[in-house]
Participant: 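Got a structure for you, questions after.
We name chains A, B, ... by the order of the sequence lines, and we start the count at 1 in each one.
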Amino acid sequence: MSAVLASAIAPAARGRLGFLALAAVYAALVLGCLWTLAAAGDLSLGRNPWDNLVKSLADFSRPSFLDTWFGPERLEYRSDDGTLLRVENRRQVEADFLAGLGRATWTTFQIATLGSLLAAVLALPLAMGAARNLRAPRAVAIAAKGVLDVARSIHTLVFGLVLVGIVGLGPTAGILAIALHSMGTYGKLFAESIESLDMGAIDAVRATGASPAQVFFHGVWPSVLPQFVSHHLYVWEFNIRDSTILGLIGAGGLGLLISEAVSLFQWSRLATILLVVVALVTAFDALSRRVREALL
Amino acid sequence: MSAPDAVLLDDVRVEVAGRALLHVPRLEVRQGERVAVVGPNGAGKSTLLRLLAGLVDATAGDVRVLGRPVHELARHEVGLLMQGLHLVPRLSARENVLVGALARLRGIDAWRSWLRLYPGALVREADGALASLGLADRAGMRADRLSGGERQKVAVARLQLQGPRLVLADEPTSALDPSATRQVCDALRALAEPAGRTLVSVVHDTELLPLLATRVIGIAGGELQWDLPIEALEPGRLEALYRPKSAGSGTGPRASLPVRLAMASGT
């Protein structure tokens, strides 16, 4: 629909009038979205959003890990008539949760790392097929491009849902989901760096009488490797972020704890988990940026 | 048995999209000669060189280089120094020079070259080639950090390690300062020094002719105009070659320029 619109408008889009027309179409689309939502009664913020916000923020502001040191050592649960039901050491409970959180973080890291590596390996031949300057046979190029486009357009979560049904719950489904989606991203990035190769340098190596393997290792590889490593770090970093939610669909890792905390309204635990997520992503981000800058 | 000619062209025509770029009735360059090709822009000088390098195919006629058809040659026997052939940007100057020696490597050394590991003697040879061009302190620097003049010198050092029997150099000193020009010319001359080595270069700066050539070929409008040993070259001939043709030249015959094919007998 929008493609039809765009192709009908494109010739007229030159000049100011065309731009104004496009802006008017965009404004109409936005208003249309708002109007239809409001008409269906779906534009509400719930019954008492303000109270809920204050309550959630209050819980959030006291992350659960603080209880490991400052929580009550004897929390007594009593029934209404005062009989002692259970005694809980809050410090011990939260320490156990932190240990579980550590294990889940490691699982998330495993999923992202192995999934990214598998994706990179799968993407390499497809990128070589799709790179225009390598002139793969037309059928191969179209097939490679098609596979990469499909992989890129299906979200990791969707792959995950399908794969949980095939290989069962657990990290394997997560690894495969990351691999299948990221393959599309890697393929596009790899193909672009192959297309930006300096063919003059490769021709020069070939002109010295070097064998095809020597041309590859002296002309192609040194130019392409730093870019591949840089792309790999970038997508790996992205996947660490992505794999934190894969647990939501049963693929293991931090996402499982997030979904538990949310279902039990344990906002203070959610705060702890999110702190770990932010720390993990920020640390890896800083590290990979360092390495990528060194590679330039 | 005498060695075959380094270059032998017989009634060669090169046309691209129906446009005649070059016509050479006959041209012989014997092994050991140093030949410079001169002429105005668009005369066909580069086309001649690219023809000999196998980068352009003849539309008609016979092209023989080192006694064989161009496409049957072993690539390492012909050394190219021309625009469009770059250094590998991320390799060091030394590694770029060592690329020239790849075709020489045999057995385990050829396999080790995949990891960019080279015999020590070869590395010393590469450093020596760089030092002779005044680049001793640039050996470890990445090629994309070198200046334009330094890159050209590295390309010449790469040729030194390649040791080709025929060197084809297209304007080897364009964009070089006077001292670098001198160094590159000396290095090219040294390349052609061993017995039987041949140098064919396209030269714009006629002052360099004595350095690079024992024989000079004038081309204009895609036709050979003259072919003289350097001692017989008078300034008038060069001037005539570069002089713009008179009004109506678009249709005028090229025969207005002196046409003489003097087959020089070498030196």
Participant: Just wondering, more than 12 heavy atoms not from A:F284 lying within 6.0 Å of its CZ?
Facilitator: yes

Participant: Would you mind checking chain A against chain B for donor-acceptor pairs under 3.5 Å and listing them?
Facilitator:
unit_1 : atom_1 : unit_2 : atom_2 : d
A:D198 : OD1    : B:H86  : ND1    : 2.9
A:D198 : OD2    : B:H86  : ND1    : 3.0
A:G200 : O      : B:H86  : N      : 3.2
A:Q214 : NE2    : B:L102 : O      : 3.4
A:Q214 : NE2    : B:S113 : OG     : 3.3
A:H218 : NE2    : B:S113 : O      : 3.3
A:H218 : NE2    : B:Y118 : OH     : 2.7
A:L295 : O      : B:R90  : NH1    : 3.2
A:L295 : O      : B:R90  : NH2    : 3.4

Participant: Just so I know, are the side chains of B:V200 and B:I217 near enough to count as touching, which here means a heavy-atom distance under 4.5 Å?
Facilitator: no

Participant: Between B:L80 and chain A, with a heavy-atom cut-off of 4.5 Å, which part of the residue counts as in contact: side chain, backbone, both or neither?
Facilitator: side chain

Participant: OH of A:Y234: more than 12 outside heavy atoms within 6.0 angstrom?
Facilitator: no

Participant: Can you check whether A:I194 reaches A:F228 side chain to side chain, under 4.5 Å on heavy atoms?
Facilitator: yes

Participant: Return the option, out of B:A103, B:P164, B:A101, B:G54, with the maximum number of heavy-atom pairs under 4.5 Å with chain A.
Facilitator: B:A103

Participant: For residues 108-160 of chain A, which residue pairs qualify under ring pair (Phe, Tyr, Trp, His ring centres under 6.0 Å), counting only residues two or more places apart or in two chains?
Facilitator: A:W106-A:F109

Participant: If we only count heavy atoms from C-beta on, is the A:I273 to A:L254 side-chain gap below 4.5 Å?
Facilitator: yes

Participant: Would you check if there is a donor-acceptor pair between the side chains of A:W236 and A:T113 at a distance under 3.5 Å?
Facilitator: yes

